[in-house]
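One structure is given below, encoded as structure tokens.
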Amino acid sequence: QVQLVESGGGLVQAGGSLRLSCAASGRSFSMYAMGWFRQAAGKEREFVAAIRWSGGVTRYADSVKGRFTISRDNAKVTMYLQMNSLKPEDTAVYYCAQRLMGWGDAPPVRAVEYGYWGQGTQVTVSS
């Protein structure tokens with residue numbers, strides 16, 4: 001059974017930084033692309049960033065490009081999201097997700113391609 005556990009969320013002032021982690025278990029982590037999504041109150045879930053199974057290819061939403069960095073450590077079966085220059089509009093619950101299918105080229109940006117999700121971690125950015 002796949003389990004994804006996020007950590008690292010919290011309250012931060014605008015312009016600050018946070019680092020989210022996603023610890024995975026249950027199947028071979030290094031075979032699957034991983035992604036971060038977020039959902040603000042009253043809004044739909046949206047794509048934030050994704051990383052290929054090997055870590056060599058990443059994709060970002062335009063709203064976070066240049067401020068957020070996704071990475072993974074396959075030896076530690078953990079994915080990260082370094083968030084810098086945070087803005088109030090980044091406030092949301094952040095979810096990590098693991099792609100349903102293994103391998104692949106570019107990591108997917110559509111939520112429907114991810115079969116496993118964490119419980120989420122709250123990120124609140126104050127102005």
Side-chain angles (χ1 to χ4, degrees):
Q1 182 178 355
V2 176
Q3 187 172 16
L4 303 174
V5 179
E6 303 96 335
S7 61
L11 174 65
V12 64
Q13 288 188 332
S17 298
L18 281 175
R19 188 196 196 202
L20 304 184
S21 298
C22 173
S25 62
R27 59 178 188 170
S28 184
F29 180 77
S30 60
M31 288 177 58
Y32 300 94
M34 299 288 294
W36 287 100
F37 291 77
R38 67 186 182 187
Q39 186 167 19
K43 296 187 177 181
E44 294 188 353
R45 181 175 51 187
E46 65 174 0
F47 168 76
V48 175
I51 187 166
R52 191 172 182 242
W53 55 271
S54 63
V57 179
T58 57
R59 302 175 77 175
Y60 295 93
D62 288 343
S63 59
V64 307
K65 205 169 292 183
R67 301 187 297 121
F68 291 10
T69 302
I70 188 172
S71 62
R72 65 189 296 163
D73 185 334
N74 286 346
K76 295 183 178 179
V77 292
T78 302
M79 174 180 66
Y80 306 97
L81 184 68
Q82 178 66 44
M83 305 186 295
N84 298 330
S85 302
L86 282 161
K87 304 175 181 180
E89 50 263 44
D90 293 319
T91 295
V93 177
Y94 283 72
Y95 299 91
C96 71
Q98 188 175 75
R99 191 182 185 190
L100 187 60
M101 296 178 61
W103 311 120
D105 294 325
V109 301
R110 297 189 308 154
V112 68
E113 296 197 50
Y114 291 86
Y116 301 95
W117 296 81
Q119 82 289 347
T121 186
Q122 177 70 46
V123 171
T124 303
V125 184
S126 63
S127 57

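Treat the numbers as computed from the prediction; the structure is a model and nothing was measured. Scope of the values below: all heavy atoms of this structure, side chains included, with no hydrogens, waters or symmetry mates.
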Does [X] share a hydrophobic cluster with [Y], counting links as ILVMFWY side-chain heavy atoms below 4.5 Å and allowing steps through other members?
| X | Y | answer |
| --- | --- | --- |
| L81 | Y116 | yes |
| W117 | Y80 | no |
| V77 | I51 | yes |
| Y95 | L86 | no |
| L18 | I70 | yes |

Of all heavy-atom pairs between [X] and [Y], which one has the smallest distance, and what is that distance?
| X | Y | value |
| --- | --- | --- |
| G104 | R52 | O-NE, 3.3 Å |
| N84 | S17 | OD1-OG, 2.9 Å |
| Q119 | L4 | OE1-O, 3.5 Å |

How long is the gap from [atom1] on [X] to [atom2] on [Y], to the nearest 0.5 Å?
| X | Y | atom1 | atom2 | result |
| --- | --- | --- | --- | --- |
| L11 | Q122 | CG | CD | 9.5 Å |
| S85 | R67 | OG | CZ | 7.0 Å |
| L20 | T78 | CG | OG1 | 13.0 Å |
| E89 | S127 | CD | OG | 10.0 Å |
| Q3 | Q98 | CD | CD | 12.0 Å |
| N74 | K76 | CG | NZ | 12.0 Å |

Can you name the ring pair (Phe, Tyr, Trp, His ring centres under 6.0 Å) partners of Y94, sequence neighbours left out?
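Applying ring pair (Phe, Tyr, Trp, His ring centres under 6.0 Å) to Y94 gives none.
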
Considering residues at least two apart in sequence or located in another chain, which fulfil the ring pair (Phe, Tyr, Trp, His ring centres under 6.0 Å) criterion with F47?
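Listed in chain order: F37.
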
V57 vs P107 side-chain heavy atoms within contact, under 4.5 Å:
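Side-chain contact under 4.5 Å: yes.
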
Which residue pairs pass the ring-ring contact (aromatic ring centres under 6.0 Å, His included) test with at least one member in residues 48-68, sequence neighbours excluded?
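As it turns out, the ring-ring contact (aromatic ring centres under 6.0 Å, His included) pairs with a partner in residues 48-68, which skip direct neighbours, are W53-W103.
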
Please list all pairs meeting salt bridge (Lys or Arg N to Asp or Glu O under 4.0 Å) that have one or both residues in residues 109-127, counting only residues at least two apart or in different chains.
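For residues 109-127: R99-E113, R110-E113.
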
Give every residue pair that meets the salt bridge (Lys or Arg N to Asp or Glu O under 4.0 Å) criterion with at least one member in residues 17-40, sequence neighbours excluded.
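Only R38-E46, R38-D90 qualify under salt bridge (Lys or Arg N to Asp or Glu O under 4.0 Å).
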
Taking atom NZ as the centre, does K65 end up with more than 12 heavy-atom neighbours from other residues, nucleotides or ligands that are less than 6.0 angstrom away?
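Correct, the count exceeds 12.
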
Side-chain donor or acceptor of [X] paired with backbone N/O of [Y] under 3.5 Å:
| X | Y | value |
| --- | --- | --- |
| Y114 | W36 | no |
| E6 | C96 | yes |
| R59 | A106 | no |

I'd like to check the salt bridge (Lys or Arg N to Asp or Glu O under 4.0 Å) partners of R72; sequence neighbours left out, ordered by chain and number.
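Once residues adjacent in sequence are excluded, R72 has no partner under the salt bridge (Lys or Arg N to Asp or Glu O under 4.0 Å) criterion.
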
